[in-house]
Amino acid sequence: MIEVRNLVKRYGSHTAVDHLSFTVEKGQIYGFLGPNGAGKSTTMNIMTGYLGATEGEVLIDGHNILEEPEKAKQSIGYLPEIPPLYTDMTVGEYLKFVAELKKIERKKQRDEIRKVIVMTKLQEVENRLIRNLSKGYRQRVGLAQAIIGFPDIIILDEPTVGLDPKQIIEIRELIRELAKEHTIILSSHILAEISAVCDHIMIISGGKLIASDTPENLEKQMSDAGTLYLDVKTKKENVQEMLSGIQGLGKWSVEEKEYSCLITIQEGKNKDPREELFYACAQANYPILTMQYKKASLEEVFLELTEAAKKGSERQKYPRRFGMSGRKKEQIEEEENKDESSL
């Protein structure tokens with residue numbers, strides 16, 4: 001349905017989107033997740049024809065968004081981060097104006113506008129000026145203009161930014177309702193927003209795609225290496241000797257407490273050491289006071305992936321900094337800062 005191929009967008013020396021490629025299939029809610037400045041909005045603006053790409057292409061149902069914009073845009077409804085509203089119009093007037101722009105047949109306009117107003121729950125404010133509406137209602141009007149014409153794909157850029165908790169819940173419910181008949185692409189830097197409604201998550205950082213999978217698989221990807229905490233009643237040297245005798249345990253540390261020792265184990269991939277540790281402690285007569293196993297959450301997956309991508313980008317941009325320490329590193333950073341300031 002949507003193919004993004006080797007997309008690049010540069011602003012002078014700054015690369016906002018860096019050789020980005022992905023495919024969006026029909027009938028799912030896609031989450032476009034990344035930190036502020038990751039390139040989410042730029043990518044969406046290119047996908048919808050608002051911006052041109054420096055390199056690469058976007059195909060909507062086989063139509064290139066820049067070469068065949070009218071055919072491509074027939075399949076897209078778009079809500080930018082700041083909704084494109086004419087505040088001197090009433091809600092009804094504005095939606096009729098949008099219907100005209102989208103070239104909806106006049107005999108169908110009335111029914112389509114009515115259906116969209118009901119879907120977005122705008123009945124109470126249909127005859128009010130947009131400038132007098134709350135932030136939540138303005139966001140609903142923005143969603144309504146994206147839905148009119150009932151395109152196959154609806155792209156939403158930060159649809160809940162600035163809303164209160166009640167309004168966020170209402171918008172989420174509306175997105176789930178829309179997903180029954182449309183493919184949704186939802187951009188946000190708020191993880192809870194994405195994980196609450198999305199079937200598939202794409203994470204970008206520094207304009208690059210660093211992960212693309214279901215929320216469950218992304219969690220599993222990192223949770224294969226969880227952390228185990230044990231509080232064992234014995235001396236530190238006893239625990240260290242016991243742990244040293246267990247093969248493939250992963251990285252571990254021991255903290256001595258008043259009457260026991262706290263063991264922290266970063267387990268290896270696909271290895272859950274709980275059973276082996278239980279029998280080892282039982283054989284040595286070391287009572288286990290508590291045992292807690294913690295797997296990585298989606299938040300931790302996001303932070304780890306984006307931090308790793310950031311470090312990799314910095315390593316490519318400033319290769320001389322890495323592996324240095326002390327005075328030498330400071331001198332190199334000063335030289336690179338001078339080089340950047342002279343650009």
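Grouping the Ile, Leu, Val, Met, Phe, Trp and Tyr side chains by contacts below 4.5 angstrom, directly or via other members, places M202 apart from V8.
In this structure, E100 pairs ionically with R106, as a charged nitrogen and a carboxylate oxygen lie closer than 4.0 Å. A salt bridge links E170 with R140: the closest approach of a Lys/Arg side-chain nitrogen to an acidic carboxylate oxygen falls below 4.0 angstrom. Salt bridge annotation for K180-E177: present, with a cationic side-chain nitrogen under 4.0 angstrom from a carboxylate oxygen. Ion pair D18/R10 not flagged as a salt bridge, since none of the NZ, NE, NH1 or NH2 atoms sits closer than 4.0 Å to an Asp/Glu carboxylate oxygen. Between K26 and D152 no salt bridge is recorded (no basic side-chain N to carboxylate O distance below 4.0 Å).
Residues I104 and Q109 approach most closely at O-NE2, 3.0 Å, considering heavy atoms. Closest non-hydrogen pair, T183 versus E25, comes out as CG2-O, 3.6 Å. Minimum interatomic distance between A146 and P151 (heavy atoms only, all atoms of both residues): O-CG, 3.6 Å. Taking both residues in full, the closest heavy atoms of Q240 and V254 are given as CG-CG2, 4.2 Å, listed atom of the first, atom of the second, then distance. Between L66 and A53, the closest heavy-atom pair is CD1-N, 4.2 Å. The two residues T48 and I76 make their nearest non-hydrogen contact at CG2-CG2, 3.9 Å.
Formation of a donor-acceptor pair under 3.5 Å by the Q283 side chain with backbone atoms of A280 is not found in this model.
Of the inter-residue distances, the one linking K107 atom NZ with E112 atom CD reads 12.5 Å to the nearest 0.5 angstrom. Atom CG of L186 sits about 11.0 Å away from atom CG of D199, to the nearest 0.5 Å. Atom OG of residue S21 and atom CD of residue E3 lie 10.0 Å apart, to the nearest 0.5 angstrom. Considering NZ of K9 and NE2 of H19, their distance stands at 14.0 Å, rounded to 0.5 Å. For the atom pair SG of C261 and CD of E256, the computed distance is 5.0 Å after rounding to the nearest 0.5 Å.
Between Y86 and F97, the two ring planes are perpendicular [angle over 60°; tilted spans 30° to 60°]. Between H182 and F150, the ring planes are parallel. Angles under 30° get that label, and only those over 60° would be called perpendicular.
Between V141 and Q145, every side-chain heavy-atom pair lies at or beyond the 4.5 Å cut-off. Contact of the V4 side chain with the M47 side chain is registered, since non-hydrogen atoms from C-beta on lie closer than 4.5 Å. In this structure, the side chains of T90 and I130 stay at 4.5 Å or more apart for every pair of heavy atoms. Proximity of I2 to I185: side-chain heavy atoms (C-beta onward) are separated by under 4.5 Å at one or more points.
In summary, the aromatic rings of F22 and Y30 are positioned with their centroids too far apart to meet the 6.0 Å limit.
Side-chain polar atoms of Y137 and Q139 form no donor-acceptor pair below 3.5 angstrom. In summary, the side chains of D157 and S41 do present a donor paired with an acceptor at a separation below 3.5 Å, with no hydrogens or angles considered.
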